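When a ligand or atom number is given, it counts from 1 through the structure's own listing order. Just so it is clear, the model here is predicted, and its values are computed rather than measured.
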Amino acid sequence: MLQCAKKYGVSFDTVNPSPQILGQLPLWHHFGQDPNKMQRNNSASCKCLQANHDVWLVHEGLVMLRRLRDEEQKPTPTCKCLACSEDRHVRSCNNPHVCTSAVERRLSSLLPK
Ligand SMILES: [Zn+2]
Ligand SMILES: [Zn+2]
């Protein structure tokens, strides 16, 4: 009985990783990477994301994307939403919108849905 539960527990985790496990995966070197899609690790916004935003893991990328649901969010470098203002002033990013879009593209190339 116990062996059975353990066996199914393990295979369930492997086939269907939980959001918590997915969130801990690195955003920039990912085993789920589609080899047919272009590597974006070297673009300027990726460097900014790593150096200024300190975004390394999938869940950190998802936190960054929360601003897209903010009504204040505008697709411009001067977006006045709280997250973009913070990125510009605290994190010395000069175009938080471009960085956010880079995370969005990156995540969509990593995650199946
Ligand atoms: Zn914004
Ligand atoms: Zn940035």
Colleague: If you have a sec, read the angle at the Zn ion (ligand 1) from Cys79 atom SG over to Cys84 atom SG, to 10 degrees.
Modeller: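 About 120° at the Zn ion (ligand 1).
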
Colleague: Would you say that Leu49 contacts Trp56 through its side chain, given a criterion of any heavy-atom pair below 4.5 Å between the two side chains?
Modeller: no

Colleague: To the nearest 10 degrees, how large is the angle at the Zn ion (ligand 2) between Cys48 SG and His53 NE2?
Modeller: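 About 110°, to the nearest ten degrees.
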
Colleague: Between Glu60 (side chain only) and Leu57 (backbone N and O only), is there a donor and an acceptor less than 3.5 Å apart?
Modeller: yes

Colleague: Before accepting this row, confirm whether a basic side-chain N of the pair Arg91/Asp54 lies closer than 4.0 Å to the acidic partner's carboxylate O.
Modeller: no

Colleague: Does Gln73 put an N, O or S atom under 2.8 Å from the Zn ion (ligand 1)?
Modeller: yes

Colleague: Decide, counting backbone as well as side-chain atoms, whether His97 has an N, O or S atom less than 2.8 Å from the Zn ion (ligand 1).
Modeller: no

Colleague: Is the shortest heavy-atom distance from the side chain of Asn52 to the side chain of Lys47 under 4.5 Å?
Modeller: no

